[in-house]
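For reference, the structure discussed in these notes is given below.
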Amino acid sequence: MSEERSLNFLEQIVEEDIAKGVNGGRVLTRFPPEPNGYLHIGHAKSICLNFGLAQKYGGQTNLRFDDTNPVTEDTEYVDSIKEDIQWLGFQWAKELYASDYFEQLYQYAVELIKKGFAYVDDSSAAEIAALKGTPTEPGKDSPYRTRSVEENLQLFADMRAGKYPDGAKTLRAKIDMASPNMHMRDPIMYRIKHAHHHRTGDAWSIYPMYDFAHGQSDSIENITHSICTLEFIPHRPLYDWFIQQLDIFPSHQYEFARLNLSYTVMSKRKLLQLVNEGIVRGWDDPRMPTIAAFRRRGYTPSSIRTFAERVGIQKRDNIIELGLLEYCIREELNKTAPRVMAVLDPIKLVITSYPEGQTEELQAENNPEDAAAGHRNVTFSNTLWIEREDFMENPPKKFFRLGVGLKVRLKYAYIVECTGFDKDENGNVTTVYATHIPESKSGAEGSAMSVKGTIHWLSAAHAQTAEVRLYDRLFTVENPAGAEGDFKDLINPNSLEIIEKAHIEPFLADAKPGERFQFLRKGYFVADTESTTGKPVFNRTVTLKDTWAKEAKKA
RNA sequence: UGCCCGAUAGUAUAAUGGUAGUACGACAGAUUUUGGUUCUGUUUGUCUAGGUUCGAAUCCUGGUCGGGCAACCA
């Protein structure tokens, strides 16, 4: 299956580099998360890109944690990130940490001081900001910019030794306060933080800024293609500057547009807020756009990889329609998920012509898309559960389900004709009555007779119950991040609907967490991580396409 | 009023100086014991104004629009 696909711009760069013999044709990429949150679907795109590129061109990929800010980072995040990458189906060559390079980075800083390219600044954060200028106005030199090399060396050593409180001093690169690129206006290389680091403990009282760690970390690892998102484009000249002054391996950075998905947010800060404020039930709440959430929701690794492939790689900003992701998981689950019957919003259907107490076992197909999936038995009786929405008191013309006088096929069973119904004091339909056509039994000759609709059902006396969680989009607008005001005001109040007692086929009560099914006509579902034999819980991964719902909405 | 990045159907993404194609969506139809799947068909696009060229989505110039950059965050 060698489908002809054109190369994305990064693949073109890599192929050109290989052709030209750059780095001896070697390809080494890296995925560099900061361990300060869970990975989301946008990271999945980056993971697929970095690992996929290396795989395609015979290279490897490192996992490097850019852990330069101890106050936001935690090993919980390290563990979740590793789990998510492996779940997606990728394996890194080396597990590395920017914190592994702290001593090396310190030596680089000393070297830059000696070369006159860095100085210790006593200015406060506010003073630094004031002298920084603005995008349209040049900045001004700090009064500490002309300190001698010896003094800088001594002060920097004292910073490391912990002689100064947080914020008292910084080490800055001496570049150009008038540069049109703000990142070149004497950027801070080191700041004082008397903070406990998740790996280096209390060994350091100074920590490098990301900008002083990232490029050199790539260089130290001999990364050939350092791929990141668009917002780091203006940082690239700075990374190149450090590499040049230090005369170390010239790793090159390339930037692509990050993934945005409609009806959700992708910033770790906002996701953390949703978690901390209890708006969702945690990082892996199936409504979240995190990889952990998609896993719990029933998405497969391959569906996410396919999605990442289909969204493409480019440099223009984009918002991908949620529908594409849903298409990717439906496409896979249609082929693989066993079909079962579950009634989520039940009303009773009594077959008055079928003897009370009688039952029979009917053969049900496990998957029409997969002949090897085989068959199972379902129990039929005269009292069934059917979906409330499959009956209408006053059905419109194109309603192919139950209404008095209408015929419908009960999947795998008989064709029945509706004869009447009961309502309770609130006017809600409670029971529907019908007679069956004995010769229309599925498999029998008479089953060939045509009816427009087929509905699913469960024998009331035999069905088990389960909790079913129905998820919908987390936000009410396509681009909540781009809207004015507080993004939390745009949360969809109906993003989670819990059905305490849905009816399911008996064998489903034993479903193991992670097992996926198609609930016939209702969607794809997965047994939740909290699911137990005593109390099964199913998450709806995605609905089926529903052209009737669309039709009904029009009317 | 600085610097940087970008602009192709509704959403994405190809075409790398030579017929604007693909996917998802939408719409219509066929098939169907899931109003699912599958199949067929239809619809919709090169931001703009110049220039170079036999020929421009592609190269050049100006403009417009969108995004990024002024954390001791990454």
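Reminder, nothing fancy here: chain letters follow the sequence lines and each chain counts from 1. In this text, all values refer to a predicted model and were calculated from it rather than measured experimentally.
Rounded to whole Å, the separation between the C1' atoms of B/A26 and B/A12 comes to 15 Å. Spacing between B/U52 and B/U61 at atom C1', rounded to whole Å, works out to 11 Å. B/U8 sits 15 Å from B/G66 when the C1' atoms are compared, rounded to a whole Å.
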Begin from the C-alpha positions of A/Asp74 and A/His198 and carry the test side-chain hydrogen bond (donor to acceptor under 3.5 Å, both in side chains) through to its verdict. CA-CA 6 Å; A/Asp74 196 282; A/His198 72 111; over 6 Å; no
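Looking at the side chain of A/Asn318, the nearest of the listed nucleotides B/U34, B/A15, B/A12 is B/A12. Of the candidates B/C27, B/C24, B/G35, B/C27 carries the atom nearest the A/Lys550 side chain, counting heavy atoms from C-beta on. In the set B/A14, B/C73, B/C24, the nucleotide with an atom closest to the side chain of A/Lys193 is B/C73. When distances run from any side-chain atom of A/Ser447 to the nucleotides B/A14, B/G35, B/U33, the shortest one goes to B/U33. For A/Glu34, taking side-chain heavy atoms from C-beta onward, the closest of the listed nucleotides B/A74, B/U33, B/C72 is B/A74. Which of B/U1, B/C72, B/G36 sits closest to the side chain of A/Thr547 comes down to B/G36. Comparing B/A12, B/U37, B/C24 against the side chain of A/Lys545 picks out B/U37 as the nearest. For A/Ala129, whose side chain is taken as the heavy atoms from C-beta onward, the closest listed nucleotide among B/A71, B/C3, B/A15 is B/A71. Checked against B/U37, B/U1, B/G35, the side chain of A/Glu369 finds its nearest nucleotide in B/U37. When distances are taken from the side chain of A/Lys132 to each of B/C24, B/G35, B/A70, the shortest belongs to B/A70.
Residue-to-nucleotide contacts include a donor-acceptor pair under 3.5 Å from the side chain of A/Glu321 to the base of B/G10. Taking only distance into account, the side chain of A/Glu326 never meets the base of B/G25 through a donor-acceptor pair shorter than 3.5 Å. One cannot find a donor-acceptor pair under 3.5 Å joining the base of B/G66 and the side-chain atoms of A/Arg316.
The phosphate of B/C73 has OP1 or OP2 within less than 4.0 Å of a side-chain N or O from A/Arg191. Listed pair A/Thr68 / B/A74 meets the phosphate criterion, a side-chain N or O lying under 4.0 Å from OP1 or OP2. One finds no side-chain N or O of A/Lys522 lying less than 4.0 angstrom from the OP1 or OP2 phosphate oxygen of B/G36. Residue A/Tyr210 places no side-chain N or O under 4.0 Å from the OP1 or OP2 atom of B/C73. Contact check, A/Gln518 against B/U37: no side-chain N or O comes under 4.0 Å of OP1 or OP2.
Among the atoms of the strands shown, only primed sugar atoms or phosphate atoms (P, OP1, OP2) are found under 4.0 Å from some heavy atom of A/Ile319. Within 4.0 Å (heavy atoms only), A/Lys398 reaches at least one base atom of the nucleic acid.
If A/Tyr524 and A/Phe9 are placed on RNA chain B by their nearest nucleotide, the residue sitting closer to the 5' end is A/Phe9. Residues A/Lys315 and A/Gly323 each lie close to RNA chain B; by heavy-atom proximity, the contact nearer the 5' end of the strand is made by A/Lys315.
When all heavy atoms are compared, the tightest approach of A/Pro234 to A/Glu231 is CD-O, 3.5 Å.
Rounded to an integer number of Å, the gap from CZ of A/Phe525 to P of B/U34 is 18 Å. One atom, CG of A/Leu406, and another, C1' of B/G35, lie 15 Å apart when rounded to the nearest Å. Put simply, CD on A/Gln253 is 13 Å from C1' on B/C5, counting in whole angstrom units. In this structure, CD of A/Glu478 is placed 12 Å from C1' of B/G25, rounded to the nearest angstrom. Separating the CZ atom of A/Phe232 from the C1' atom of B/G67 is a distance of 15 Å, rounded to the nearest angstrom. Put simply, OH on A/Tyr207 is 18 Å from P on B/C72, counting in whole angstrom units. With rounding to whole Å, A/Tyr327 atom OH is found 7 Å from B/G25 atom P. Taking atom NE2 of residue A/His235 and atom P of nucleotide B/A71, one finds them 11 Å apart after rounding to whole Å.
Counting heavy atoms from C-beta on, the side chains of A/Tyr190 and A/Arg172 never come closer than 4.5 Å.
Relative ring orientation between A/His197 and A/Tyr207 is described as parallel, the plane-to-plane angle staying below 30° on a 0-90° scale split at 30° and 60°.
Using a 3.5 Å distance cut-off with no hydrogens or angles, the side chains of A/Thr72 and A/Glu34 do pair a donor with an acceptor.
Within the shown strands, nothing qualifies as a pairing partner of B/A15 under the Watson-Crick or G-U definition with both distances less than 3.5 Å. Nucleotide B/G2: paired with B/C69 (Watson-Crick or G-U wobble, both distances less than 3.5 Å).
In this structure, SG on A/Cys328 lies 10.5 Å from CD on A/Glu309, to the nearest 0.5 angstrom.
Ring to ring, A/Phe538 and A/Phe519 are close: their centroids are under 6.0 angstrom apart.
Checking A/Asp122, A/Ile206, A/Leu155, A/Val120 one by one against A/Tyr164, the side-chain contact (heavy atoms from CB on, under 4.5 Å) holds for a single residue, A/Leu155.
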